[in-house]
Amino acid sequence: MDYIIAFLVGGAICALVQILMDKTKLMPGRIMVMLVCSGVVLGAFGIYDKFVDFAGAGASVPLLGFGNVLWTGVKEAIHSDGLLGTFMGGFTASAVGISAALIFGYLASLIFKPKMKK
């Protein structure tokens, strides 16, 4: 049942984003920033942890989850390092995910030989 809930919640998030892209004039980059910022805000209010407890990977994998990871890292770093933690907490918490995205993106570009659109 956990897989079904994760699939439905993740699919609903993706469907809502697709509707935003189709029905508004917002550029994809702005929508991505809105998702990350929404994850930060929901994490700051303590809502996102409950959402992840319910939906599992369906909530933690999309960009909303990345925003929540940034918020969690900043919050923990502020508690341990003070004001300096504001600047380094997000990098520390998200370093593995960002590194994996860069490495796998590079490997995919070597395998599939991407081309620019004309």
Side-chain angles (χ1 to χ4, degrees):
M1 192 64 178
D2 290 340
Y3 293 122
I4 294 171
I5 292 172
F7 176 77
L8 291 175
V9 170
I13 292 170
C14 292
L16 290 173
V17 169
Q18 189 63 48
I19 290 169
L20 260 176
M21 290 175 70
D22 291 343
K23 300 295 181 185
T24 67
K25 293 184 179 186
L26 289 172
M27 299 298 291
R30 291 184 184 209
I31 294 173
M32 290 170 53
V33 169
M34 282 184 0
L35 287 169
V36 172
C37 291
S38 298
V40 170
V41 170
L42 291 173
F45 286 119
I47 298 169
Y48 206 80
D49 290 333
K50 295 173 188 163
F51 186 48
V52 170
D53 289 341
F54 169 72
S60 63
V61 172
L63 280 173
L64 289 168
F66 180 67
N68 187 48
V69 166
L70 290 175
W71 163 252
T72 304
V74 168
K75 181 175 71 171
E76 291 172 3
I78 287 173
H79 288 302
S80 63
D81 300 322
L83 184 61
L84 188 59
T86 305
F87 302 105
M88 65 184 209
F91 293 118
T92 304
S94 62
V96 173
I98 293 171
S99 298
L102 289 171
I103 291 167
F104 290 124
Y106 178 71
L107 291 175
S109 73
L110 292 176
I111 294 168
F112 296 106
K113 302 196 188 321
K115 297 178 185 92
M116 295 295 289
K117 289 184 178 181
K118 295 181 181 181

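Both Val41 and Val17 belong to a single network of hydrophobic side chains, linked directly or stepwise wherever heavy atoms of I, L, V, M, F, W or Y lie under 4.5 Å apart. Under the 4.5 Å side-chain heavy-atom criterion for ILVMFWY residues, a single connected hydrophobic cluster contains both Met21 and Met34. Val36 and Phe45 fall within the same hydrophobic cluster, where Ile, Leu, Val, Met, Phe, Trp and Tyr residues are linked whenever their side-chain heavy atoms come under 4.5 Å apart, directly or through other members. Leu16 and Val33 are members of different hydrophobic clusters when ILVMFWY side chains are connected at heavy-atom separations under 4.5 Å. Ile98 is not connected to Val40 by any chain of hydrophobic side-chain contacts under 4.5 Å among Ile, Leu, Val, Met, Phe, Trp and Tyr, and they are in different clusters.
Contact detail for Gly89 and Ala77: the closest heavy-atom pair is CA-CB, 3.5 Å.
For CE of Met88, the number of neighbouring non-hydrogen atoms (other residues, nucleotides, ligands) closer than 6.0 Å is greater than 12.
Residue Ile13 holds its CD1 atom at 11.5 Å from CG of Leu8, rounded to the nearest 0.5 Å. Note that CG of Asp81 is 8.5 Å distant from OG1 of Thr92, once rounded to the nearest 0.5 Å. In this structure, Lys25 NZ and Arg30 CZ are separated by 13.0 Å, a value rounded to the nearest 0.5 Å.
Between Lys23 and the options Ile19, Leu26, Leu20, a side chain to side chain contact (heavy atoms under 4.5 Å, CB included) holds for only Ile19.
Listed by first and then second residue, the ring-ring contact (aromatic ring centres under 6.0 Å, His included) pairs involving residues 76-118 amount to none (not counting sequence neighbours).
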Identify each donor-acceptor pair in which a side-chain atom of residues 48-74 lies under 3.5 Å from a protein atom, sequence neighbours left out, and give them as a table.
unit_1 : atom_1 : unit_2 : atom_2 : d
Tyr48  : OH     : Ala59  : O      : 2.1
Tyr48  : OH     : Gly65  : N      : 3.1
Ser60  : OG     : Gly56  : O      : 3.4
Trp71  : NE1    : Gly43  : O      : 3.2
Thr72  : OG1    : Asn68  : O      : 2.8

